[in-house]
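Below: one structure in structure tokens.
Just so it is clear, the values below take in all heavy atoms, side chains as well, and ignore hydrogens, waters and symmetry mates.
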Protein chains: 2
Amino acid sequence: MDGGTEGPTKKRRTSWKKDPEAVKENILTIATQEFAAHGLSGANINEIARNTSTSKRMIYYYFGDKEGLYQAVLERVYSTLRENEDRLKVENLGPVEGLALLVRATFEAHAATPLFIRLVMIENIHNADYLRRSDIIPRLNRSIIDKLADVCARGKVAGLFRDSADPLELHWMISAPSFYNVSNRATFSTSFGEALFTPERQERLKEHVIDMILGAVVIGYEPGGAMRSDAR
Amino acid sequence: MDGGTEGPTKKRRTSWKKDPEAVKENILTIATQEFAAHGLSGANINEIARNTSTSKRMIYYYFGDKEGLYQAVLERVYSTLRENEDRLKVENLGPVEGLALLVRATFEAHAATPLFIRLVMIENIHNADYLRRSDIIPRLNRSIIDKLADVCARGKVAGLFRDSADPLELHWMISAPSFYNVSNRATFSTSFGEALFTPERQERLKEHVIDMILGAVVIGYEPGGAMRSDAR
DNA sequence: CTCTTTTTGTACCTATGGGTTAATTTGTCA
DNA sequence: TGACAAATTAACCCATAGGTACAAAAAGAG
């Protein structure tokens with residue numbers, strides 16, 4: 001493929017297609033892994049470049065600098081999260097089952113996306129500076145609160161939930177164990193062993209979390225109640 | 001070597017005292033802050049040196065390399081934590097009050113030591129590699145489990161606690177919200193506002209956590225029960 | 001088929017920062 | 001009191017990795 005031009009010294013002979021979006025996607029995918037694995041300062045741009053199908057030059061072309069790339073990764077990952085949340089349909093469930101579903105889904109979603117968890121951990125190490133700087137993100141996590149507010153309101157109207165139930169607090173209570181379960185697995189299991197991280201124990205933990213949350217919110221709730229079809 | 005004193009070219013003239021322990025302590029204190037602030041790769045040895053009352057060379061003299069220093073910091077911080085745990089006396093309290101006290105103390109201890117939290121976050125980013133490598137640490141966190149086991153056993157004997165209550169799970173349930181409350185404050189408040197982080201809301205959150213835990217463990221428990229002096 | 005714009009590759013620059021060399025002071029103990 | 005070890009200092013080294021300069025090749029417009 002060098003007939004016609006015959007680069008004598010230089011061998012510019014690659015024939016690429018114009019597909020900036022695919023190139024960006026590719027970079028972001030690799031960068032996500034690298035940042036999640038090593039953090040912002042720990043990540044290595046040369047290493048990222050080596051794992052992409054393009055070159056270091058393109059990273060700087062599209063994302064400006066390391067921080068720009070990190071920010072793009074962060075935003076993409078948060079967006080994905082939001083999409084997952086939006087998929088959850090809870091409106092046509094009873095308040096108790098609805099809440100139980102939200103807890104269960106949150107716990108499972110966290111367990112299924114350790115990469116996301118790691119990026120959030122890293123962002124917290126940076127005091128959420130990049131998240132704060134982003135203009136698309138502050139409103140992202142709105143939908144989960146809306147869902148909780150809906151369930152909460154319906155639960156109170158039906159006389160099933162305590163008056164003290166608060167959507168934001170509830171989100172905090174649901175996120176905390178779900179997040180910690182993944183984020184602190186390494187130090188926890190190093191200190192106390194792997195016992196809690198077998199599939200069976202994880203199932204149990206999940207049900208306990210559901211019971212705890214429902215116990216705090218549902219009047220007269222008793223453990224195991226989330227399993228019953230008539231969740232009174 | 002240039003004539004008694006009188007350094008014409010070199011000015012080695014500082015006069016220092018020998019106090020290795022104090023120097024090490026000083027280095028560790030500064031290094032703890034730096035590592036907690038920026039992580040292992042983000043921390044800068046020159047910066048640490050600049051903030052100590054000694055020199056960069058001494059850091060390498062006492063701790064070998066950056067990782068050695070990080071490990072020393074980690075171990076010291078875990079040791080401090082253990083000492084705090086040991087101070088908690090729970091044996092002469094009833095099971096319910098005892099458990100409530102453990103939850104309250106854990107929540108407050110986490111809130112009071114953000115530096116420790118950050119180091120644990122960072123260590124989790126590194127998959128607990130340095131914690132695992134340390135020989136003094138794996139047995140460190142034993143005492144808190146022992147305390148929980150004691151409370152648990154007494155609660156069961158008294159017929160107050162559910163049979164399902166498990167010390168390790170309990171520790172997980174107590175740590176999760178206590179840790180998350182500090183570790184994820186930055187992203188949480190960026191996403192949802194600072195509402196939950198005022199002193200009053202933190203108090204409320206703490207009581208809710210206590211209620212959740214006790215609700216999961218104590219038979220027939222009802223919210224606010226931890227406050228009553230006769231914790232039946 | 002030019003001309004412009006976008007996309008890409010290669011080679012290079014250079015500040016940063018982890019780590020080292022070698023000398024110098026202080027204390028100690030025969 | 002002088003050698004020896006421990007503690008400390010100042011100055012230096014240099015690999016790494018973030019970032020850039022330059023220019024070529026492809027695509028699109030007209």
Distance in angstrom units between A:I48 CD1 and D:dG18 P, rounded: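 Nearest whole value for this atom pair: 8 Å.
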Side chain proximity check, B:L148 to B:I174, heavy atoms < 4.5 angstrom: yes
Plane angle bin for A:F35 and A:Y70 - parallel if under 30°, tilted between 30 and 60°, otherwise perpendicular: perpendicular
Distance, rounded to the nearest Å, where A:E21 contributes CD and C:dT7 contributes C1': 13 Å
Value in whole Å for how far the C1' atom of C:dT16 lies from NE2 of B:H38: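 Interatomic distance, NE2 of B:H38 to C1' of C:dT16: 15 Å.
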Atom-pair distance (CE on A:M58; P on D:dA26), nearest Å: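 Atom CE in A:M58 sits about 15 Å away from atom P in D:dA26.
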Whole angstrom value for the distance that separates P of D:dT9 from NZ of B:K56: 14 Å
Upstream residue (5' side of DNA chain D) when B:S53 and A:G64 are each assigned their closest nucleotide: B:S53
Sugar-phosphate only, base, or nothing, as touched by A:A43 at under 4.0 Å among non-hydrogen atoms: sugar-phosphate
D:dT8 phosphate, OP1 or OP2, under 4.0 Å from B:T54 side-chain N/O: no
Polar pair under 3.5 Å, donor/acceptor by atom type, side chain B:K66, base C:dG19: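 Donor-acceptor pair under 3.5 Å: no.
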B:N44 vs C:dG17: side-chain N/O to OP1/OP2 distance below 4.0 Å: yes
Distance, rounded to the nearest Å, where B:F63 contributes CZ and D:dA7 contributes P: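 Atom CZ in B:F63 sits about 13 Å away from atom P in D:dA7.
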Residue-phosphate contact under 4.0 Å: B:S55 side-chain N/O, D:dT9 OP1/OP2: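 Looking at the OP1 and OP2 atoms of D:dT9, one of them is under 4.0 Å from a side-chain N or O of B:S55.
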Ionic contact status for A:R204 with A:E207, cut-off 4.0 Å: no
Closest nucleotide among D:dA10, C:dT8, D:dT8 to the B:R57 side chain: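 Per side-chain heavy atoms of B:R57, the pick is D:dA10.
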Proximal nucleotide (of C:dT8, D:dG18, C:dG19) relative to the B:Y60 side chain: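 Selected nucleotide (nearest to the side chain): C:dG19.
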Polar contact flag, side-chain donor to acceptor under 3.5 angstrom, B:S134-B:E75: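 Looking only at side-chain atoms, B:E75 and B:S134 do form a donor-acceptor pair, the distance falling under 3.5 Å.
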Phosphate-side-chain proximity, B:Y61 and D:dT9, N/O vs OP1/OP2 below 4.0 Å: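 No, B:Y61 has no side-chain N/O under 4.0 Å of OP1/OP2 on D:dT9.
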Nearest listed nucleotide, side chain of A:N46, among D:dA7, C:dT8, D:dA17: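 Shortest atom-to-atom distance from the side chain points to D:dA17.
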Any side-chain donor near an acceptor of the partner, A:Q202 and A:N181, under 3.5 Å: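 Side chains of A:Q202 and A:N181: pair found under 3.5 Å.
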Interatomic distance where OH belongs to A:Y70 and C1' belongs to D:dG18 [whole Å]: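 It is 18 Å, rounded to the nearest whole Å.
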Atom-pair distance (CD1 on B:I59; P on D:dA7), nearest Å: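 Whole-Å distance recorded here is 16 Å.
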